[in-house]
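Before any comments, here is the structure.
This is a predicted model, so every value here is computed, not measured.
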Amino acid sequence: FGLQFTEYEDLARVQSELELLTALYSMHTRVETAVSGFNERLWSIIPSSYSSMTSTLHGLQADLRGLPRLLREWPAYDDLSKTISDFIAVLPTISNLCNTGLRRRHWMQMVSAAGQQTSTWNLDPDTFKLKHVMSLNPVSIRVEIDEICRTAKKELEIEAKVQGLGEKWADRLFQFIDYKDRPGAIL
């Protein structure tokens, strides 16, 4: 029609901001989906999925850093970055908690160290999830968790040695004979 093109600076600015918001919201959705998915996993499958959790979180962190620099000034970007960083920070502790030597008593020690009621904890493998572990705020009690896990590992080693000794001596037969004029030994 031969109309002249009119530029609206405000409209261009709003369009640019909407594109940035869309990118940030998309990233936020990915992070929240991943974190909530991790939290809903049964604890019994965490040891086998630990490496995939780690790679997913590091991938999300790299993708977040790949977003436009303008977004880094926004509080929502900082919140998203903190969510990822906090979860990555807890991964070594989660790895430590995957110790097969942890028994109920060890978990109760951790619950007590976190200041929670031990009577409310259910460690049933069909219901116990990562979100329950995360409710302990494992980063804040990392030292206690490390000590409890070290103790549990040592106790597991001792249990294995005792069991080995039991198996070794189970089929042994002691025969007592009279010594000089005395009857057999009394144990």
Side-chain angles (χ1 to χ4, degrees), residues 24 27-67 72 74-170:
L24 187 61
M27 188 68 197
H28 184 272
T29 302
R30 287 176 54 206
V31 169
E32 288 301 317
T33 300
V35 168
S36 65
F38 295 153
N39 282 328
E40 288 302 318
R41 288 186 182 175
L42 289 174
W43 182 254
S44 58
I45 65 167
I46 294 297
S48 62
S49 62
Y50 176 79
S51 60
S52 70
M53 289 171 48
T54 303
S55 62
T56 299
L57 286 166
H58 285 294
L60 288 171
Q61 191 175 45
D63 291 348
L64 182 66
R65 289 181 181 146
L67 291 176
R72 294 183 185 181
W74 294 6
Y77 179 93
D78 292 337
D79 292 343
L80 199 53
S81 179
K82 184 177 179 340
T83 300
I84 295 171
S85 298
D86 288 351
F87 212 102
I88 288 174
V90 89
L91 285 176
T93 305
I94 289 173
S95 173
N96 210 3
L97 290 171
C98 291
N99 181 350
T100 56
L102 285 176
R103 305 286 189 254
R104 179 174 179 75
R105 65 181 177 272
H106 301 118
W107 284 103
M108 292 304 118
Q109 289 173 350
M110 286 182 263
V111 170
S112 294
Q116 295 184 12
Q117 294 282 333
T118 57
S119 60
T120 61
W121 273 72
N122 180 7
L123 297 174
D124 179 22
D126 296 329
T127 59
F128 189 58
K129 298 181 179 182
L130 180 60
K131 69 180 177 183
H132 299 115
V133 175
M134 296 299 280
S135 72
L136 292 174
N137 194 4
V139 173
S140 68
I141 58 168
R142 179 180 293 170
V143 173
E144 291 87 350
I145 288 176
D146 290 345
E147 182 61 32
I148 291 168
C149 288
R150 240 187 328 274
T151 302
K153 184 177 180 182
K154 289 177 184 176
E155 287 175 3
L156 184 64
E157 291 171 0
I158 292 170
E159 286 174 16
K161 288 178 182 177
V162 168
Q163 184 179 7
L165 284 173
E167 291 170 0
K168 180 179 179 180
W169 289 96

Between [atom1] of [X] and [atom2] of [Y], what distance do you get to the nearest 0.5 Å?
X	Y	atom1	atom2	answer
Thr29	Leu80	OG1	CG	9.5 Å
Leu60	Ser81	CG	OG	11.5 Å
Leu67	Arg72	CG	CZ	8.0 Å
Lys154	Cys149	NZ	SG	12.5 Å
Met27	Glu32	CE	CD	11.0 Å
Ser44	Leu130	OG	CG	11.5 Å

Test of understanding: with salt bridge (charged side-chain N to carboxylate O under 4.0 Å, His left out), list the residues that count as partners of [X], not counting sequence neighbours.
X	value
Glu167	none
Lys161	none
Asp78	none
Lys153	none

**OP:** Not counting sequence neighbours, list each pair that qualifies as a ring-ring contact (aromatic ring centres under 6.0 Å, His included) and has a residue in residues 148-167.
**Re:** none
**OP:** State which residues pass ring pair (Phe, Tyr, Trp, His ring centres under 6.0 Å) with Tyr77; sequence neighbours excluded, sorted by chain then number.
**Re:** none
**OP:** Tell me, please, which residues at least two apart from His132 pass ring pair (Phe, Tyr, Trp, His ring centres under 6.0 Å).
**Re:** Phe128
Over all heavy atoms of both residues, which pair between [X] and [Y] is shortest? Give the atoms and the distance, please.
X	Y	answer
Leu136	Val111	CD2-CA, 3.8 Å
Tyr50	Pro92	OH-N, 4.0 Å
Leu42	Pro125	CD2-O, 3.8 Å

Original post:
Just wondering, do Val90 and Asp86 contact through their side chains at under 4.5 Å, heavy atoms?
Top reply: no
Original post:
Do His28 and Asp79 come close enough that some side-chain heavy atom pair is under 4.5 Å?
Top reply: no
**OP:** For residues 90-100, pull every pair meeting salt bridge (Lys or Arg N to Asp or Glu O under 4.0 Å), keeping only residues two or more places apart or in separate chains.
**Re:** none
Original post:
According to the salt bridge (Lys or Arg N to Asp or Glu O under 4.0 Å) rule, which pairs have a member within residues 45-65, sequence neighbours left out?
Top reply: Arg30-Asp63
Subject >> Ionic contact status for Arg150 with Glu147, cut-off 4.0 Å >> reply: yes
Subject >> Ile46/Met53 under side-chain contact (heavy atoms from CB on, under 4.5 Å): CA gap, chis, key distance, verdict >> reply: CA-CA 9 Å; Ile46 294 297; Met53 289 171 48; 4.0 Å; yes
**OP:** Please check if atom CD in Glu40 has more than 12 non-hydrogen atoms from other residues, nucleotides or ligands closer than 6.0 Å.
**Re:** yes
**OP:** List in chain and number order the residues that pass side-chain contact (heavy atoms from CB on, under 4.5 Å) with Asp126, two or more places apart in sequence or in another chain; answer none if no residue qualifies.
**Re:** Asp124
Original post:
Can Trp43 and Leu123 be said to form a side-chain contact (heavy atoms from CB on, under 4.5 Å), step by step?
Top reply: CA-CA 9 Å; Trp43 182 254; Leu123 297 174; over 6 Å; no
**OP:** Using atom types as modelled and distance alone, determine if a side-chain donor or acceptor of Ser55 lies under 3.5 Å from a backbone N or O of Ser51.
**Re:** yes
**OP:** Take Asn39 and Val35 through the test side-chain contact (heavy atoms from CB on, under 4.5 Å) and record every step on the way to the result.
**Re:** CA-CA 6 Å; Asn39 282 328; Val35 168; 3.6 Å; yes
Original post:
Are Val31 and Phe87 close enough, and set up right, to give a side-chain contact (heavy atoms from CB on, under 4.5 Å), and what steps lead you there?
Top reply: CA-CA 11 Å; Val31 169; Phe87 212 102; over 6 Å; no
Subject >> Residue pairs fulfilling side chain to side chain donor-acceptor pair (under 3.5 Å) with at least one residue in residues 100-116, sequence neighbours excluded >> reply: Arg103-Glu159, Arg105-Glu155, His106-Glu155, Gln116-Trp121
Mind listing the side-chain donor-acceptor pairs of residues 138-145 below 3.5 Å, one per line with the distance, residues two or more places apart or on another chain?
unit_1: Ser140; atom_1: OG; unit_2: Asn137; atom_2: O; d: 2.7
unit_1: Arg142; atom_1: NE; unit_2: Thr93; atom_2: OG1; d: 3.3
unit_1: Arg142; atom_1: NH2; unit_2: Ala89; atom_2: O; d: 2.9

